[in-house]
Trainee: 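Quick one: this structure, given as structure tokens, is what I'll be asking you about.
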Amino acid sequence: MSALLEGDRLDKSFGPTPALRGASIAVEAGEVVAIVGASGSGKSTLLHCLAGIVRPDAGTVRYGDAELTAMADGERSRLRRSEFGFVFQFGHLVPELTCLENVALPLRLAGIRRREAEQRALEWLARVEVEQVARSLPGEVSGGQAQRVAVARALIGGPSVVFADEPTGALDSLNGERVMQLLTAAARETGAAVLLVTHEARVAAYSDREVTVRDGVARDLRVLA
Amino acid sequence: MSLPRTLLGLLDPQPAHGYDLKRSYDQHFAGEKPLAYGQVYAALARMLSNGLIEVAGVEAGDGPDRKRYAITDAGVTELRSWLATPEPPAAYLQSTLYTKIVLAVLTGSDPQELLDSQRSAHLAEMRVLTRRKQGGDLATQLVCDHALLHLEADLRWLELTAARIDDLRQAVTR
Amino acid sequence: MIRTLLPLAGAAVLRGRDARARTALVAVAAGFAVALLLLAVSVPGALGARSARQDARSPLVVEGSAPLRLTEIGITTGSDDVSGLVLAPATGRVPLPPGVQALPPSGSMLVSTALKAELAGPDGALLRARLPYRVAGTIAPAGLLGPTEARFVAVDPAVAGAGTAVGVRGFGQAVSRDPLDPVLSLLVVVGVLILLVPIGIVVAVAGRFGAERRDRRLAALRLLGLSSGSVLVLALLEAAVAAAFGDVVGLAVFAAARSMIGSFSVASLGVFPGDVAPTWPAVVLVLAAGPLLLGGAALAGLLALRVEPLGVARRAGRRRRLVWRVATLVLAAALLGAGTVALAARLGLGVWLVGSGVVLLLGAAVALLPWITERAAGALAIGPVAWQLARKRIRHEGTTTGRVVGAITAVVAGAIALQLLFAGLAGGYTTDTGARRTGTLFTAQQERGAVADRMRALLGSAGTPALASTELAVHGSADRFVSLVIGDCRALAAVASVPGCVDGSVYVDRGGDARPGVVLDADGPWRVPVDAPSVSLGPLPDGDTFEGVVLITPGALPTARRGAVTVSTVLPTSAAGLTRIVRSAVAIDPTISVRSLAPFTLAHRFDAVRRGLTVGLVLVLLLIGSVLFVSVGEQLRERRQALAVLAVLGLPRRTLMGAILAESALPVVVGAVVATVTGTALGAVLLAIMGQPAVPDAGVVSSTAAVALLVPVLVTAASLPAAARLLRPEHLRAE
Ligand SMILES: Nc1ncnc2c1ncn2[C@@H]1O[C@H](COP(=O)(O)OP(=O)(O)OP(=O)(O)O)[C@@H](O)[C@H]1O
Ligand SMILES: [Mg+2]
């Protein structure tokens with residue numbers, strides 16, 4: 001059985017600090033996987049390696065048939081643009097663009113005309129229940145609204161994998177749960193896999209299964225088996 | 001949870017038949033496991049004998065029980081004082097799991113394994129609750145959240161314990 | 001891709017108040033540079049146009065009979081130069097000077113608009129007396145050098161016989177003229193560079209405003225899948241958009257300056273706006289300079305960073321190295337040295353060598369500044385808490401304030417060098433006119449002695465002795481002449497001691513052929529009396545000095561025999577009845593010249609260059625001041641959080657204010673020292689290159705430095721209220 005996204009014996013150190021020590025993980029298409037573990041255990045680093053944002057010192061990351069770890073920056077960027085979506089703790093929205101333009105951005109980068117891109121962005125904003133902030137700048141909306149905008153932006157391009165690092169970290173529990181509901185529902189609908197880093201069990205409960213990271217080692221029961 | 005006191009609360013707004021009591025109990029509190037009629041009548045009988053409720057009327061008919069029950073003044077007093085008394089903070093699982101962990105350390109098996117599998121079990125249960133919550137009405141959601149938050153608290157404790165497992169090892173093996 | 005990136009760049013530059021303020025500042029700074037450069041590249045064209053105009057109206061002189069006789073007349077009243085032609089048309093087709101459609105009737109004149117205004121003005125009385133012609137029309141711009149030129153073309157047949165009149169067959173004589181003096185052109189080049197270096201620094205600094213925000217934006221876009229190359233392109237596009245605004249501002253400022261140049265007369269050096277036209281390649285080059293500079297600044301900033309999807313990392317190994325700073329200094333010295341040699345050998349390359357040496361020297365000074373500041377902060381280890389905080393900041397990050405101070409340092413160093421140059425060179429460009437008094441000098445040349453006597457009598461009657469002079473050939477020789485100074489006894493007594501003088505006396509100031517008994521040709525031989533006493537002649541009132549002169553009273557030699565005579569006298573400008581005398585004098589001789597005298601005059605061109613550069617320095621200082629103001633505000637805003645932490649820790653506000661002040665003060669003080677040293681050295685070197693004694697004037701140095709240092713002091717003072725407001729507890733909450 002070949003997984004959609006697979007990290008194999010990943011090592012990564014920051015200076016003398018080892019962050020990953022032979023972590024392995026496999027993600028199937030369309031499944032929601034929670035990465036859990038203590039603070040500093042290497043969850044974020046693992047996520048970044050899998051997304052091609054951080055290059056591991058050793059080990060390979062495979063996406064489909066392609067090996068991310070062997071790609072040049074340009075190729076990895078293209079992959080991020082067309083196949084991946086991101087929701088991080090602080091939205092990473094472009095502060096100078098309106099929420100609508102932020103959501104439309106992945107489509108624009110894919111070469112879709114502005115009118116159509118913004119039309120679809122508006123639909124997505126409605127879907128995550130924040131169409132009223134379409135014309136606002138990210139600095140002018142609440143944290144929960146910004147995260148919903150980020151969810152819309154992550155999913156609008158029809159990615160195969162959405163990477164979410166503490167997407168509810170800055171939100172109260174009601175808002176956080178709503179964002180998780182919207183994210184997982186939309187992902188299931190579009191068939192996107194979600195890789196979710198969180199330290200909140202209630203957020204992890206939105207996943208199909210969890211992978212525990214301890215001291216830079218990922219315990220992925222599926223890989224172990 | 002005290003069943004008699006819950007029924008007392010359901011009787012407080014207006015008198016009701018045993019059948020109505022069961023229905024509204026199931027609606028508000030039962031979750032997956034509905035209340036058995038036998039439990040209802042046992043509880044009602046006990047409250048009748050304690051003078052907390054009284055029979056407000058009997059209707060003619062061929063049903064098994066056509067009695068209508070109403071709350072007495074003593075019942076109201078009892079209900080109010082119960083509602084005003086805080087629940088003793090319960091220590092559900094720690095006792096068992098703590099015993100297990102200490103035993104694991106003492107017998108030399110890996111307590112982290114124990115913690116990991118307990119976490120998986122907890123998460124699996126929480127997943128079920130989350131799914132039920134997403135499909136359910138407000139009452140279901142509130143009930144599920146209550147359970148979820150408790151399970152989450154357990155998990156937090158697990159994580160704290162996992163982080164201090166080495167200290168624990170020193171403490172118990174000394 | 002560009003189609004997607006361009007709107008992004010536009011949004012980054014224009015969305016939000018902060019972004020717009022930043023862009024406006026960048027646009028103004030870049031606009032200044034563009035306008036200044038456009039003006040600089042227009043200079044050759046403007047000078048060429050001016051020469052062409054001058055050539056077009058220079059008369060083609062012919063001997064013998066001509067369709068037109070004319071005399072050129074210059075009048076100086078006060079500080080204004082008036083020039084013009086008095087025409088005496090003969091028969092046939094009369095050639096017309098440029099700007100004149102048809103000759104005005106006899107006794108009237110065409111005037112330029114500037115002259116018309118002067119004639120009508122309150123000080124026009126003397127001019128009206130000197131030009132007793134009716135105004136019959138205006139001279140078209142084609143006949144003028146500049147819009148402020150005061151010029152006239154009069155028709156007066158009486159000048160036909162005047163001694164200064166020449167026959168003319170047309171206009172359009174190519175005149176050979178001095179090229180701009182090499183020292184002056186070096187001054188212009190160095191001056192423009194000294195203005196451009198700080199403007200360039202300011203533009204670069206302004207281009208890095210909001211860099212932190214930009215880094216965050218670019219990181220967010222990297223996460224969305226923009227490659228590091230595209231991010232670079234985006235940053236360049238942003239710079240280009242901002243620079244495009246700069247070009248627009250620059251063109252607007254240039255257009256405004258160009259239209260103002262018409263009414264802005266620098267010592268009658270006014271230029272027609274139409275003549276200030278840079279060539280297209282030059283315009284394109286200049287307009288490209290802004291984007292290049294801003295793009296370069298953005299690129300330099302980005303190359304030191306790695307923009308990653310998760311944020312921005314500084315590339316390793318950033319330590320200020322002394323080596324290349326010193327190397328720049330050495331290279332600058334080498335270029336200045338080579339330039340000196342090349343200039344001495346009269347190579348055109350020299351100006352450019354010296355120019356690049358100046359740029360490098362200023363650049364090296366600016367580059368040394370942060371290094372010295374860091375060392376100074378490291379060395380001054382003891383002091384109050386406020387100082388310790390400021391030290392930490394200075395040592396750990398080169399602050400934007402530091403970079404702006406770099407621009408100030410460059411401009412102050414440049415200003416000191418320029419002022420030293422001006423002070424040193426002014427001596428060379430101040431001519432001692434030799435005039436022993438101020439007043440109005442009258443000079444008239446007459447063919448006929450009788451007319452000269454009438455003129456002399458008229459001018460003498462105004463209360464000031466009037467002298468006439470002429471040259472007579474030594475009898476029997478063709479090329480030996482003796483000067484004669486003619487005046488009545490009162491007039492002669494003013495320039496020599498003439499004991500026992502009566503009408504008919506003759507005196508000799510010995511020298512050359514001037515001696516008693518010599519025979520001169522004066523419509524027949526005339527012998528200087530053998531017993532003529534020897535005297536010593538002092539300078540004449542107009543400043544002329546003679547050696548070997550025969551002094552005569554009118555009775556000694558019949559007027560009819562004297563030939564062409566020059567009469568001159570100086571009347572106090574305030575003399576009563578001056579205009580009446582002028583009117584009478586013009587009636588006697590319409591070609592009489594009237595000039596104001598001052599003992600010293602500063603050469604016009606030099607003065608114009610000096611004034612232009614000084615105005616430029618002031619504008620640049622203002623620009624830097626505004627950039628500094630904005631950067632201080634920006635920095636305070638960026639640091640609000642850090643300040644909040646310190647305030648929460650219980651640091652008193654006074655200490656915080658002290659830290660903020662000290663942080664700006666140290667770079668400013670170091671900048672002042674560096675600027676003074678560099679400026680003095682540069683001034684001395686440039687003076688030496690220009691062949692002047694290289695002795696810096698301490699007064700010039702300190703006053704220039706003081707004036708320029710006022711800018712940061714004022715800016716800091718102006719931003720204190722804002723800082724105080726930021727430090728109020730309610731503003732210190734983290735955002
Ligand atoms: N950029 C970095 N530079 C240096 N060390 C780093 C860097 N990023 C992570 N680390 C170190 O690597 C280890 C793993 O970090 P990581 O961010 O992956 O942990 P995490 O599991 O996401 O923690 P948290 O739950 O607190 O976010 C930590 O010890 C951390 O200090
Ligand atoms: Mg993390």
Side-chain angles (χ1 to χ4, degrees), chain A residues 21 23 25 31-43 129 166-169 172-189 194 196-225, chain B residues 31-32 92-94 97 101 104-105 109-169:
Chain A
R21 294 188 299 189
I25 186 172
E31 68 173 342
V32 181
V33 178
I35 301 180
V36 295
S39 185
S41 58
K43 303 184 293 290
E129 304 162 350
E166 306 280 9
T168 61
D172 64 37
S173 45
L174 204 61
N175 253 306
E177 296 235 3
R178 190 72 196 130
V179 166
M180 277 319 295
Q181 277 169 20
L182 291 168
L183 173 62
T184 48
R188 286 189 208 287
E189 208 168 300
V194 178
L196 168 70
V197 166
T198 183
H199 65 268
E200 286 177 273
R202 265 178 315 117
V203 172
Y206 281 86
S207 64
D208 299 323
R209 65 188 179 91
E210 77 277 357
V211 171
T212 309
V213 180
R214 194 195 310 143
D215 295 338
V217 183
R219 277 171 45 93
D220 186 344
L221 297 173
R222 189 151 320 167
V223 174
L224 292 178
Chain B
E32 301 225 295
Y92 299 112
L93 151 145
Q94 286 93 324
L97 196 62
I101 291 173
V105 169
S109 54
D110 186 359
Q112 292 284 6
E113 291 284 337
L114 182 62
L115 289 173
D116 280 348
S117 62
Q118 185 62 47
R119 177 166 33 216
S120 287
H122 262 70
L123 267 179
E125 175 63 22
M126 286 176 76
R127 242 177 237 125
V128 170
L129 286 166
T130 302
R131 214 163 292 141
R132 168 129 52 89
K133 179 171 88 171
Q134 279 180 278
D137 57 7
L138 181 59
T140 315
Q141 285 177 19
L142 290 177
V143 169
C144 290
D145 271 340
H146 182 250
L148 279 167
L149 287 167
H150 271 93
L151 289 171
E152 187 181 30
D154 288 347
L155 272 179
R156 289 242 180 89
W157 178 81
L158 278 176
E159 245 126 50
L160 269 179
T161 311
R164 290 186 298 189
I165 202 86
D166 288 332
D167 298 345
L168 180 69
R169 199 191 310 271

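Numbers restart at 1 for each chain; the letters A, B, ... are given by sequence-line order, proteins then strands. Since this is a predicted model, take the numbers as computed values, not measurements. Both backbone and side-chain heavy atoms feed into the values below; hydrogens, waters and symmetry mates do not.
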Trainee: Taking side chain as everything from C-beta outward and backbone as N, CA, C, O, which of these in E200(A) sits under 4.5 Å from a heavy atom of chain B? Side chain, backbone, both or neither.
Mentor: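 Both backbone and side chain of E200(A) come within 4.5 Å of chain B.
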
Trainee: Nearest 0.5 Å please: distance from the OG1 atom of T130(B) over to the CD atom of Q181(A).
Mentor: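 So the OG1 of T130(B) and the CD of Q181(A) are separated by 9.0 Å.
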
Trainee: How long is the straight-line distance from CZ of R202(A) back to CG of L151(B), given to the nearest 0.5 Å?
Mentor: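 Output value for this atom pair is 11.0 Å.
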
Trainee: Between E177(A) and D145(B), which heavy-atom pair has the shortest distance, and what is it?
Mentor: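 E177(A) and D145(B) have their closest heavy atoms at OE2-OD1, 4.4 Å.
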
Trainee: Under a 4.0 Å threshold between the charged nitrogen and the carboxylate oxygen, would R119(B) count as salt-bridged to E210(A)?
Mentor: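 Salt bridge: no.
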
Trainee: Let me know if S207(A) has heavy atoms under 4.5 Å from chain B in its side chain, its backbone, both or neither.
Mentor: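 When you check distances to chain B, atoms from both the backbone and side chain of S207(A) fall under 4.5 Å.
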
Trainee: Would one find more than 12 heavy atoms of other residues, nucleotides or ligands at under 6.0 Å from atom CZ of R156(B)?
Mentor: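 Not more than 12 within 6.0 Å, no.
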
Trainee: Between L123(B) and A201(A), what is the shortest heavy-atom contact and its length?
Mentor: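 Looking at all heavy atoms of both residues, the shortest contact is CD2-O, 3.8 Å.
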
